[in-house]
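Below is one structure, written out as structure tokens, with a few remarks after it.
In what follows, chains are A, B, ... by sequence order, proteins preceding strands, each numbered from 1.
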Protein chains: 2
Amino acid sequence: MSVPIHPDVPASSCSGTLEPLKVACASCNLRELCLPVGLNAADLQRLDGLVEKRRSVPRGDHLFRNGDRFEALYAVRTGFFKTCVGSEDGRDQVTGFQMAGELLGLDGISSDQHHCDAVALEDSSVCVIQYRDLEELSREFTVLQHQFHKIMSREIVRDHGVMLLLGNMRAEERLAAFLLNLTQRLQARGFSSSSLVLRMTREEIGSYLGLKLETVSRTFSKFQEDGVLDVKQRQITVLDPQALQRLVSNAAG
Amino acid sequence: MSVPIHPDVPASSCSGTLEPLKVACASCNLRELCLPVGLNAADLQRLDGLVEKRRSVPRGDHLFRNGDRFEALYAVRTGFFKTCVGSEDGRDQVTGFQMAGELLGLDGISSDQHHCDAVALEDSSVCVIQYRDLEELSREFTVLQHQFHKIMSREIVRDHGVMLLLGNMRAEERLAAFLLNLTQRLQARGFSSSSLVLRMTREEIGSYLGLKLETVSRTFSKFQEDGVLDVKQRQITVLDPQALQRLVSNAAG
DNA sequence: CGTGCGTTTGATTCTTCTCAACGTCCGTGG
DNA sequence: CCACGGACGTTGAGAAGAATCAAACGCACG
């Protein structure tokens, strides 16, 4: 998404679809952001049994689709995804953007099939975690059980935040909140908090924020006029983060 | 919410705040809607140890507040709740309405404190489930573990549906979707699917749907003019459920 | 019987959507 | 190497939807 400060994240090492290669969680530099948060070295070794393989997903490909049988969760290792749910008439709503260390597929547990599409927005790779295995291991492994529950709960809290955004905020406030959220997550991954390259189109941003693509474009232009952002297509530089923060804090005020 | 067809649900039997009384899940007629879904009689006995007490919550009272330490989940036994998250400036967003058999408090797991307010919209009672106990029991009790994961996942899927509603639908479509969802849930609990009494104000409906209360009121009036609903204050009769269904299916079309 | 909250309805304003045209970037093939 | 095409992005003008402001009504409760 920007200039990596943690250069040891493999940028793109795979080209096939399935890799039986084991990748040790203990040596993965995403361990502080991913499922293993809070696990010590001994715990991490036990966790490694969970991740049986990696899968690489080229840009534009689906990791899974609405209706697919649910079997596994996916931890993003490299790359960037969107998830979207479709309405009966064909239009859809982007429900989230996922980056390294974030978990995909939690929606599938509810009825053994996925309820959204997950699409790679750039060439990506994920760790495949068989859900049965996770259930089994978390039964005898308290820390993992709790961590998994936390991740699901965090997703619920995040969704509630999006509802607040969609229900109460105006276009400028929504885009400001979106950009602040992105930069914070990038920063947690060692990237610059002021410079980012958007991996999604204006339409995808609009779908996520409940806006039309023209409104997203106009709002970017306004932020540029106001000196809050520098916008060169998808290359965004945040010039005045506090202005964005003010917009979010004063939302619906 | 309407005429009960399952009259053995205790209507309102408690007045104190805490009741050490045990209520057997096995004999609770909500067991098909609540945490015990899919458990057999033997399983149910083991589950009973979980629910240590009931708590009654008078109309208007908080079950928990944003920031409260998280310790327990709550299964609605009787009554009706809303949950809402607050923005930094004081305005808030209703994130859901919960009725008998539904679980409250899942948001708290993520960081050991609640991230929303839960308020009773009528005199209510809940079963208190200590989260530590649930964690422990679900470790040795596969069916419960899976059922709990399903409930969390279902909440995530529900939230995504609300995002779709807030992001893509117009006022009429939102209210139609809201009413259909309510009547379906009431029907599952043995109430009439065409007649209901709203427990929440126009403002609370509006907050949930991302609309102002005047817009909610106007939309109710329009549905009445169109012969889709009969609206007498909070007493709603659905005259043409298919018209509501059409609005939802054609959403954003 | 009055008071107050919740609701309805109307007039107006504001934001965002819609429709349309044009511009830019980038990969492809001549 | 350049021309072309297509996807993506920007900008403008007008329309539609919902918000806002304001007033009056009804019902429940004390």
Pairing residues for R218(B) by the salt bridge (charged side-chain N to carboxylate O under 4.0 Å, His left out) criterion, not counting sequence neighbours: none
Check step by step if side chain to side chain contact (heavy atoms under 4.5 Å, CB included) holds for L106(A) and I151(A). CA-CA 9 Å; L106(A) 296 172; I151(A) 286 173; 4.2 Å; yes
R234(B) atom CZ, over 12 foreign heavy atoms within 6.0 Å: yes
CD (E203(A)) with more than 12 external heavy atoms under 6.0 Å: no
What is the ring orientation for F64(B) with H114(B), classed by angle as parallel under 30°, tilted 30 to 60°, or perpendicular over 60°? parallel
With no hydrogens and no angle check, just 3.5 Å: does a side-chain donor-acceptor pair link T95(A) and T83(A)? yes
Distance-only polar pair, side chains of Q245(A) and S249(A), donor-acceptor under 3.5 Å: yes
Contacts of E214(B) meeting side-chain hydrogen bond (donor to acceptor under 3.5 Å, both in side chains) (sequence neighbours excluded), chain-then-number -> none
Across all chains, not counting sequence neighbours, the side-chain hydrogen bond (donor to acceptor under 3.5 Å, both in side chains) partners of Q235(B) are S195(B)
In whole Å, what is the span from the CZ atom of F220(A) to the P atom of dC8(D)? 16 Å
Would you mind reading off the distance between E173(B) atom CD and dA16(D) atom P, rounded to a whole angstrom? 16 Å
Global bending angle along the helix from dC1(C)-dG30(D) to dG30(C)-dC1(D), which compares the axes of five pairs at either end, to 10 degrees: 30°
I'd like to compare against my own output: the B/S/- annotation of nucleotides 18-26 of chain D with a strict under-4.0 Å heavy-atom distance to protein. SSBB-----
Chain B on DNA chain C: first and last contacting nucleotide, 5' to 3', under 4.0 Å to a heavy atom? dG6(C) to dA11(C)
Quick one: is dT11(D) close enough that its OP1 or OP2 comes under 4.0 Å of any side-chain N or O from S221(A)? yes
Categorize T201(A) for me: base, sugar-phosphate, or nothing, with a 4.0 angstrom heavy-atom threshold over every strand shown. sugar-phosphate
Decide yes or no for V126(B) and T78(B): does some side-chain heavy atom of the first lie under 4.5 Å from some side-chain heavy atom of the second? no
